[in-house]
Amino acid sequence: MSPTFAQLGVPESIGRALAQRGINEPFEIQSAVLADALAGYDICGRAPTGSGKTLAFGIPLVANVDRAVPHEPRALVLAPTRELADQIKTEVQSFAGSIRVAVVYGGVGYDAQRRALRRGVDILVACPGRLEDLIDQREVSLSAVDRVVIDEADRMADMGFIPAVRRLLDQTAPEPQTMLFSATLDGDVASLTRDYQYRPVRCEVGEETPDVVAADHVFWNVANNERTEVTADVVSASGSAIVFCRTRHGCDRLARRLDRMGLQTAAIHGGRSQNQRTRALEAFAAGRVQALIATDVAARGIHVEGVDAVIHYDAPADHKTYLHRSGRTARAGKGGVVVSLVQPDQVKELRQMQRELDIQQPVTDVDLSAVRRLDGGVDRAVAPAVRAEKKRQPAADSRPRRTGPKPRGSAPKPRPRKSQRPGAKNQSRRRRNNNRRPRPANTRKQTLAKTGT
Ligand code: ADP
Ligand code: MG
């Protein structure tokens, strides 16, 4: 039986706030990391999209964060896109009580963000670019930040944010607790872990290619000039779809065409203002538009519940992009269909990608019954508790795997402040070697010592 939130050490006030949203039992990644994260350990987590990572780091932040003075937040969550940052802020705020949560990202005015920082922000959610701007303007300092989350680290890497992330991590208080989450843990992400995490507790949940397992994948032969019509059919047959195009221009053009065919669509890409993007997302989430037409960057990390179909209108650049895109459906254990529109000259590349994904679907003629089998968009408001039910039927081998050092029994001993350690002055903030003592817990909140283990 999986532990309850209370057994994992989640404070009662947070448990109550979650219960009000129908969140009563932890998802796998949450069961796997909450106790250690609450106890102050570094966390390095790999889990598929929709597995509930936000609460896995959000709960420990809210439980442990200290109160900030103006301009000096105490906890920092770095996210690759504005939409994702907004979603994290909204989700964390829903159970944060009196803790002040704010979000900063580019593409919108500075005033509101400056005002919030001036008032004081305990947990700051940020996209790297705007945060660096605000630091340059002396509106914010990271020197008091002793808890950092790097969410969607693989996407940070894909988007070229790693140098900025490193610069930001170099400005925090010495040796903050770091929690890193990513769909993959190789390459640049591995080097972030190596340089900035101290003996992290590693948790890996689900398959490496989880989205392929969760959704139905179909590949259809469609000539270039028939793609719009087929897309319209899929959008109509499903309740809600996210359609991926390669370029901003392509998004706008397809949206216009679908609109002319009587569908309600909204385009979302980097060329649109933040307000337009926010409005588009809201309209889609509320069911006022049936299709969101998106570029890869814009769609990353979007969480809209009950998206019935993902359509690869333009072929994804590689298998990773295929996974990222496809992960917009079949979230939190729900089903979904992923439709690839394949032109004759793309079949060879497709085969290569399928091999990398380890899926062997044939390329067939268009078959809308694959789409109609779904619920349609009607259960977009499905209660969280129902989704949790579905989630709790894992295959026998999908239990969280803990590959890092497990913290020892009772509350770990407090760690001396860095300044008390020999040679501290000359040390870079970056962790160059991981051979020191096991990481001790947060010493300020002893009441949160682990229970039930
Ligand atoms: P990820 O960041 O891993 O992609 P999210 O944190 O966005 O996933 O969570 C996906 C959805 O599942 C969200 O709507 C969230 O509110 C919901 N959720 C998370 N944890 C639980 C839970 N324990 N029980 C029910 N719903 C949950
Ligand atoms: Mg997330």
Side-chain angles (χ1 to χ4, degrees), residues 2-8 10 14-34 37 43-62 77-96 103 125 127 149-156 179-185 203-207 210-211 214-215 242 281 285 299-307 310 323-334 336 379-394 400:
S2 61
T4 63
F5 281 119
Q7 284 167 342
L8 293 165
V10 176
I14 295 180
R16 267 199 309 274
L18 293 177
Q20 274 176 8
R21 292 179 42 204
I23 296 177
N24 297 303
E25 296 200 29
F27 281 175
E28 272 178 86
I29 184 76
Q30 297 157 6
S31 303
V33 311
L34 274 173
I43 303 288
C44 176
R46 177 178 67 68
T49 300
S51 57
K53 293 185 284 286
T54 315
L55 291 181
F57 64 74
I59 291 172
L61 289 186
V62 168
V77 181
L78 292 173
T81 67
R82 309 157 183 185
E83 284 79 13
L84 182 60
D86 256 337
Q87 284 168 8
I88 293 169
K89 189 236 173 192
T90 305
E91 174 128 29
V92 171
Q93 195 151 50
S94 77
F95 59 91
V103 63
V125 184
C127 294
V149 173
I150 307 159
D151 195 21
E152 310 245 4
D154 54 324
R155 192 57 178 178
M156 296 272 203
M179 296 184 260
L180 176 149
F181 291 89
S182 186
T184 54
L185 294 177
C203 285
E204 305 192 21
V205 166
E207 307 283 323
D211 304 324
I242 301 187
L281 264 182
R300 174 67 183 187
I302 291 175
H303 180 66
V304 181
E305 292 172 21
V307 177
V310 163
L323 284 179
H324 287 150
R325 288 175 168 189
S326 305
R328 300 308 102 202
T329 188
R331 289 179 65 102
K334 285 189 76 218
D379 70 339
R380 213 177 296 185
V382 63
V386 176
R387 292 200 315 277
E389 265 320 309
K390 292 187 186 171
K391 181 78 187 172
R392 265 183 278 115
Q393 299 161 355

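Order of listing sets the numbers, starting from 1, for every ligand and every atom in it.
Every residue meeting the ring-ring contact (aromatic ring centres under 6.0 Å, His included) condition with F181, not counting sequence neighbours, appears here in chain and number order: F57. For C127, the side chain to side chain contact (heavy atoms under 4.5 Å, CB included) partners two or more places apart in sequence, or in a different chain, are A85, Y105.
Every N/O-N/O distance between N24 and ligand 1 stays at or above 3.5 Å.
Checked by atom type and distance alone, the side chain of S182 never pairs as donor or acceptor with a backbone atom of L185 at under 3.5 Å. The backbone N or O of V205 sits nowhere less than 3.5 Å from a side-chain atom of E28 that would complete a donor-acceptor pair.
At least one heavy atom of P48 sits less than 4.0 Å from an atom of ligand 1. Using a 4.0 Å heavy-atom cutoff, E91 is listed among the residues neighbouring ligand 1. Contact between E152 and ligand 1 is absent, with no heavy atom of the residue lying under 4.0 Å from the ligand.
Using a cutoff of 4.0 Å between basic side-chain nitrogens and carboxylate oxygens, E91 and K53 are not scored as salt-bridged.
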inquiry  = Run L61 and M179 through side chain to side chain contact (heavy atoms under 4.5 Å, CB included) and show every step you take.
reply    = CA-CA 10 Å; L61 289 186; M179 296 184 260; 3.8 Å; yes
request  = Please test L55 against L18 for side chain to side chain contact (heavy atoms under 4.5 Å, CB included), starting from the C-alpha separation and ending with a verdict.
outcome  = CA-CA 10 Å; L55 291 181; L18 293 177; 3.9 Å; yes
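Numbered from 1 in the order shown, with element, the atoms of ligand 1 that lie under 4.0 Å from a heavy atom of E25 read 22 (C), 23 (N), 24 (N). Near S51, meaning under 4.0 Å from one of its heavy atoms, ligand 1 places the atoms 1 (P), 3 (O), 8 (O). Ligand-side atoms of ligand 1 in range of R21: 16 (O), range being under 4.0 angstrom from any heavy atom. Listed by number with element, the atoms of ligand 1 under 4.0 Å from a non-hydrogen atom of L55 are 19 (C), 20 (N). For ligand 1 and P26, the ligand atoms under 4.0 Å from any heavy atom of the residue are 23 (N).
The nearest non-hydrogen atom to atom 5 (P) of ligand 1, considering only I59, T54, I23, comes from T54.
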